[in-house]
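Take a look at the structure below.
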Amino acid sequence: MHEFFIPFISDALKSAGIETDKPVQIEQPADRKFGDFSTNIAMLCAKECRRNPRELAGELLRHLSFPAGTVAKSEVAGPGFINFYLSPLFIMKSVEQILLDGDAYGKGRSGAGQRAVVEYVSANPTGPLTIGRGRGGVLGDCIANLLETQGYEVTREYYYNDAGKQMTILAESVRYRYLELCEQAVDFPPTHYQGEYIRDIAEVVFMEHSTALAGSGELGVFKEAAETIIFNSIRATLERLGIRHDSFFNEHTLYIKDSEGTSPNQRVIDALASKGFIGNHEGATWFMTTKLGQEKDKVLVKSSGEPSYRLPDIAYHITKFDRKFDRMINVFGADHIDEYPDVLEALKILGYDTGCIEIAINQFVTTTVEGQTLKMSTRKGNADLLDDLIDDVGADATRLFFIMRGKDSHLNFDVELAKKQSKDNPVFYLQYAHARICSLLRMAKQETGFDADLVNNYEGLSRLESPSEIQLGFSLLEYPHWARTSLRLLEPQKMVEYLHSLSEQYHRFYQECPIIKAEPEITEARLLLSIATRQVLRNGFRILGISAPEAM
RNA sequence: GCGCCCGUAGCUCAAUGGAUAGAGCAUCAGCCUUCUAAGCUGAGGGUUACUGGUUCGAGUCCAGUCGGGCGUACCA
């Protein structure tokens, strides 16, 4: 709806003889008394035209015209805004289109023909998922959903490493617990994984092999068991939240040599070396980032001969270019904040256009239980396990709470609030609006024979004209704007806010306007408006990945 | 020390550079013989951490100060 105004305003600028390179901005005033939409174009142009902004706005207004029946009123206000008031009939006609579009309402084509990859979660299989990972997982999943609504072909990717030092420590940890089961005295090292889940894995190995592995130092069985069991648990946890990846990219593939005896990792080193950015000292191979003005060089290959995480990260991104993605979105937690600048620098040196890489960083999660703030801890205890949180508050609340704050805000997850089955809980506020509409439609079918599934003539909407009806109809038209905005900012929180305000509009309408008990024609019109609201809520819930209950 | 994020009502958080800084919770006052009161209406509550700057206009952008978080590994 925002775009509706732009061509008319551009025409008015032309016929008023105003030339400007300033973009025409359409905004929605915070207070509806300043119109449904407004533009600040006169204030933007005032300086270069050397004219008073209000006077310029008046001049523009004289050249401005809209198709009959669309804009009811345009006026100059404040320091030089031009405010527009839509005609109620135009709003209701537009709501008809929502009913015609159905599930497709709000979808766009801006991503048509483009391929996007969203990388998220990407936890290595060393332990169960933590609450902190959950935030990034839900954020990534919602971003992928948003991309799909705009027509992108989306790959949801999980990047992981099942080799290297951490996995060895993991396998050793399991072996120690296994030896305990074999009733050998062991001194469990404090550097190893302390979690209870290690004992569970050891038990599985013990069940299968009894004491047969106790004599050998071989880690293979332990590593394999740990990886399989942990990965299954991670995937099961994600599945509970409706998170499913299309692609699991194993970092190990970047180490594998091809027929010419070189690997993707090695090719990165060679390419950077040919640009003069590789140095060797202290037995390690360095990316000479000091040449780019950074304080220190960064290790690419450790003196042990193993690559550090940076090298495969660079090689991994090159595969994204090779795989011809148009957009590459990485979702990281704040603890990985240092990871990407070097990767981007390396890619630039190698001639890649890094403009298509976007980084969405989410800040940390603290959990509040009964007023006590628990800081997320990485290793010990099970207080920060994502599975426990889902057990506690359910998948819908988990998802919504993770994205109802901006990703740059430190998230305070109030477990008590998320558990409440009451109006205090934002999840229930949204879902209640949907359930209320479903209940209303069931009642309408029973009382008046109106069948929401069969209705196909929406013209009755034009009969609606009261403020709460018009306001609700108008809110419905804003949905596509917020879907686009959420994607542009990589911030599903905008969609949460929108749906909250839409729910509020619906509850107000419901409160003020009798629906089934009104005149038959008005009843039908109000039911149509309710169906349209239900449709928009459903479309929005689908993006957020929360359920749309028919009854509560 | 350096880098990134944050600082807004008692609490949790909004506010694409726009008009009188908004919601929810909590507090107080109203609304169900009527479609889900898991709802609605209203009231009180603010020097947007601080100091400068940029401009028609700054919570928002820039510089600095103070406070908090996360990094600052030959961990990922």
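A, B, ... follow the sequence lines: proteins, then strands. Residue 1 opens every chain. These numbers were taken from a predicted model, which means no experiment stands behind them.
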Below 3.5 Å between N/O atoms, which protein atoms pair up with nucleotides 72-75 of chain B? Just atom names and distances, please.
from	atom 1	to	atom 2	distance (Å)
B/rA73	OP2	A/K296	NZ	2.5
B/rC74	O2	A/S303	N	2.7
B/rC74	O2	A/S303	OG	2.7
B/rC74	N3	A/S303	OG	3.2
B/rC74	N4	A/E282	O	3.0
B/rC74	N4	A/E282	OE1	3.2
B/rC75	OP2	A/K302	NZ	2.5
B/rC75	O2'	A/Q166	NE2	3.1

Should [X] and [Y] count as an ion pair when the cut-off is N to O under 4.0 Å?
X      : Y      : result
A/E306 : A/K165 : no
A/K298 : A/E345 : no
A/E157 : A/K320 : no

Where the side chain of [X] is concerned, which of [options] is the nearest nucleotide?
X      : options                : result
A/A435 : B/rG39, B/rC35, B/rU36 : B/rU36
A/E504 : B/rC40, B/rC13, B/rG68 : B/rC40
A/F81  : B/rA19, B/rA23, B/rC35 : B/rA19
A/R405 : B/rU12, B/rA19, B/rA76 : B/rU12
A/P29  : B/rC13, B/rA19, B/rC35 : B/rA19
A/A334 : B/rC35, B/rG18, B/rC70 : B/rC70

Qualifying residues under side chain to side chain donor-acceptor pair (under 3.5 Å), relative to A/Q266, sequence neighbours excluded: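 Only A/D270 meet the side chain to side chain donor-acceptor pair (under 3.5 Å) criterion with A/Q266.
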Fill in the dot-bracket string of RNA chain B, one character per base: . for unpaired, | for a pair to another strand, ( ) or [ ] for pairs within the strand, taking Watson-Crick or G-U pairs under 3.5 Å. (((((((..((((....[...)))).(((((.......))))).....(((((..]....))))))))))))....
Fit a plane to each ring of A/F37 and A/H2, take the angle between them on a 0 to 90° scale, and name the class: parallel (under 30°), tilted (30 to 60°) or perpendicular (over 60°).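 Rings of A/F37 and A/H2: perpendicular, as their planes differ by over 60°.
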Nearest-angstrom distance from the residue atom CE of A/M552 to P of B/rG39: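 Value for this atom pair: 9 Å.
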Donor-acceptor pairs under 3.5 angstrom involving side-chain atoms of residues 500-508 of chain A: please list them, not counting sequence neighbours.
from	atom 1	to	atom 2	distance (Å)
A/S501	OG	A/Y498	O	3.4
A/S503	OG	A/L499	O	2.8
A/Y506	OH	A/S530	OG	2.9
A/H507	ND1	A/R436	NH1	3.0

Short side-chain donor-acceptor distance under 3.5 Å, A/D297 and A/T290: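 Their side chains do contain a donor-acceptor pair, which is all the 3.5 Å distance test asks for.
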Between N or O atoms, less than 3.5 Å apart, protein on one side and nucleotides 53-55 of chain B on the other: list the pairs.
none

Might you list the N or O atoms of the protein lying below 3.5 Å from N or O atoms in nucleotides 47-49 of chain B, with each pair's distance?
none

Using atom P in both nucleotides, what's the gap between B/rA29 and B/rC62 to the nearest angstrom?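 Nearest-Å result for B/rA29 against B/rC62 at atom P: 47 Å.
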Quick check: does any side chain N or O of A/T237 sit under 3.5 Å from a backbone N or O of A/L129, one acting as donor and the other as acceptor?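 Checked: no pair found.
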Please confirm whether the shortest side-chain N or O distance from A/R508 to OP1 or OP2 of B/rG39 is below 4.0 Å.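 So the side-chain polar atoms of A/R508 never come under 4.0 Å of the phosphate oxygens OP1 or OP2 of B/rG39.
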Respond yes when some side-chain nitrogen or oxygen of A/Y429 is under 4.0 Å from OP1 or OP2 of B/rC40, and no when none is.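 Yes, within the criterion.
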B/rC32, syn or anti by chi within 90 degrees of zero: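 You should classify B/rC32 as syn.
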Centroid-centroid under 6.0 Å between A/Y158 and A/F231 rings: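 Ring-ring flag for A/Y158/A/F231: true, centres closer than 6.0 Å.
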Kindly state whether the pair A/F34 / B/rA19 counts as stacked, where counting means centroids closer than 5.5 Å and planes tilted less than 30° apart.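 Base of B/rA19: stacked against A/F34.
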Nearest 0.5 Å please: distance from the OG atom of A/S439 over to the NE2 atom of A/H434.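 Interatomic distance, A/S439 OG to A/H434 NE2, rounded to 0.5 Å: 12.0 Å.
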